Colleague: 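Below is the structure I would like to discuss, written out as structure tokens.
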Amino acid sequence: MRAALSSVPGKQQQDSEFLRDVLEGLGGKRKTLPCKYLYDELGSRLFEEICAAKDYYLTRTETNLLSDNLGKIAREIGPEALLIEPGAGNCEKIEALIAALDTPRGYYPMDISPEILRAAEARIKRHLPGIRVWSEVGDFTQPAVWDNLSNIPSRKRVVFFPGSTIGNFGPQKSAQLLELFAANLGAGDGLLICTDLVKDSVVLERAYHDSAHVTERFNKNLLCRINRELDADFDLSLFAHRAFYHPLRQRVEMHLVSLQRHDVSIAGIKVEFAEGETIHTESCHKYTISGFNALLCKGGFKPIRHWKDASESYAIHYAQAI
Ligand code: AVI
């Protein structure tokens, strides 16, 4: 396993970046926090709980859609492909896909966590012993983390980006991310990417305000993390979880609402909260097929095919780098 060292900052650098981002986000007129900080160890575990929650239909729908269409997807990808998975996590979803491919050349997972990658690599070796794995530790949004890919021989490269993760990037950043993918592919190489689709706002809001309150714990864990890691004194009982669909922006927004006027100290710096003031913690964009095709084109891809579930709730798209 080779680490892209330049893109894996040390603990001290991580802490100071976290503090800088938190003070910057809470210092503006509209308070925000970058959603990447939701995923510390507990946050990642809570996210796994969200994926299994009854009201969060996304994971379930994607899993079924993938397994229902594996043969067609494998035919579209074709033989001798190297599968690249940015933000691979536990590699659970890719296994069935690799197994369905005609003579796959190997698997190239990328993740910020070396432990997660090590476990995933072991899992692939156990379940698919003939598959070569090249792991890359680092933040896949950083171009340098992709550099080692050019040393891997392959006839065709395919980026696999499931989970509707593209939806957390926002209009500009999602196009930039697709451009980064395209820059690391050759003409005709593939992108298999999953998106949640625009739908009834009641269904969307229930997914992010689930009846088991897991998403609320996930959202509030961000304040716990700031308390723990940045010597802050957020009182969690003074914040409420709110998630609502914004139809014009086609996104669910997740916020933490201050229930009364109060001050919070973060590393000795005072931050004031008015009653009703919110911290915007995450945006989850939803797409129409034509809207996402336009984004693919902007990012340097030609849309080839897509598959939707029967209720047209979710989509898997296959596109080719231009
Ligand atoms: C990771 N991502 C695709 C999730 C989503 O649905 O946008 C994150 C999430 N936030 C709250 N619930 C799920």
Side-chain angles (χ1 to χ4, degrees), residues 32-63 65-66 85-94 110-113 116 139-141 159-171 173-174 177-178 181 192-225 239-246 249-257 278-287 291-292 295 309 313-317:
T32 60
L33 287 171
C35 65
K36 65 178 177 180
Y37 293 119
L38 288 162
Y39 300 89
D40 65 348
E41 207 186 316
L42 178 58
S44 301
R45 256 189 284 135
L46 287 168
F47 179 62
E48 282 189 18
E49 259 189 69
I50 290 175
C51 292
K54 177 172 66 62
D55 297 324
Y56 192 75
Y57 57 86
L58 287 83
T59 313
R60 224 176 21 253
T61 313
E62 179 181 274
T63 305
L65 189 56
L66 258 177
E85 189 175 14
N90 63 13
C91 305
E92 216 175 301
K93 294 173 188 166
I94 198 99
M110 306 162 98
D111 205 283
I112 195 93
S113 157
I116 285 181
D139 173 354
F140 66 81
T141 63
V159 170
F160 179 51
F161 201 53
S164 186
T165 309
I166 191 77
N168 297 128
F169 280 80
K173 288 208 172 129
S174 53
L177 184 64
L178 294 178
F181 293 170
L192 190 67
I193 186 166
C194 304
T195 60
D196 194 19
L197 299 177
V198 167
K199 61 178 65 64
D200 188 295
S201 62
V202 175
V203 178
L204 285 169
E205 289 177 1
R206 210 188 298 128
Y208 293 86
H209 218 307
D210 61 287
S211 50
H213 303 280
V214 192
T215 316
E216 176 177 348
R217 281 161 55 216
F218 172 69
N219 201 7
K220 286 191 175 178
N221 177 55
L222 183 50
L223 302 185
C224 297
R225 179 177 183 182
F239 286 89
H241 167 68
R242 182 188 290 165
F244 61 88
Y245 183 59
H246 193 308
R249 297 195 173 134
Q250 292 189 348
R251 69 188 193 192
V252 173
E253 290 189 8
M254 220 166 65
H255 290 254
L256 288 161
V257 190
T278 80
I279 309 172
H280 184 174
T281 51
E282 190 174 46
S283 291
C284 313
H285 289 82
K286 309 299 163 189
Y287 302 91
F292 194 69
L295 183 61
D309 62 308
S313 176
Y314 201 86
I316 301 175
H317 311 255

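Start at 1 and go down the list; that is how both ligands and their atoms are numbered. By convention here, the first residue in the shown sequence is residue 1. For the numbers below, each heavy atom of this structure counts, side chains included, while hydrogens, waters and symmetry mates do not. Just so it is clear, the model here is predicted, and its values are computed rather than measured.
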Colleague: Which pairs of N or O atoms, one from ligand 1 and one from the protein, are separated by less than 3.5 Å, and what is the distance for each pair?
Modeller:
| from | atom 1 | to | atom 2 | distance (Å) |
| --- | --- | --- | --- | --- |
| ligand 1 | 2 (N) | N168 | OD1 | 2.8 |
| ligand 1 | 6 (O) | Y56 | OH | 2.5 |
| ligand 1 | 6 (O) | Y208 | OH | 2.5 |
| ligand 1 | 7 (O) | N168 | ND2 | 3.0 |
| ligand 1 | 10 (N) | E282 | OE1 | 2.5 |

Colleague: For a quick test of reading the model, state the closest non-hydrogen atom pair linking G89 to I116 and the distance between them.
Modeller: O-CG2, 3.0 Å
Colleague: With sequence neighbours left out, which residue pairs that include part of residues 203-213 fulfil the side-chain hydrogen bond (donor to acceptor under 3.5 Å, both in side chains) condition?
Modeller: D55-S211, Y208-K286, D210-T215, H213-E216
Colleague: Under 6.0 Å between ring centres, would you say that holds for F160 and F181?
Modeller: no
Colleague: Between E49 and V214, what is the shortest heavy-atom contact and its length?
Modeller: CB-CG1, 3.6 Å
Colleague: For a quick test of reading the model, state the closest non-hydrogen atom pair linking R242 to F244 and the distance between them.
Modeller: CD-CD2, 3.9 Å
Colleague: I need the minimum non-hydrogen distance between A243 and V252, along with the two atoms involved.
Modeller: CB-CG1, 4.3 Å
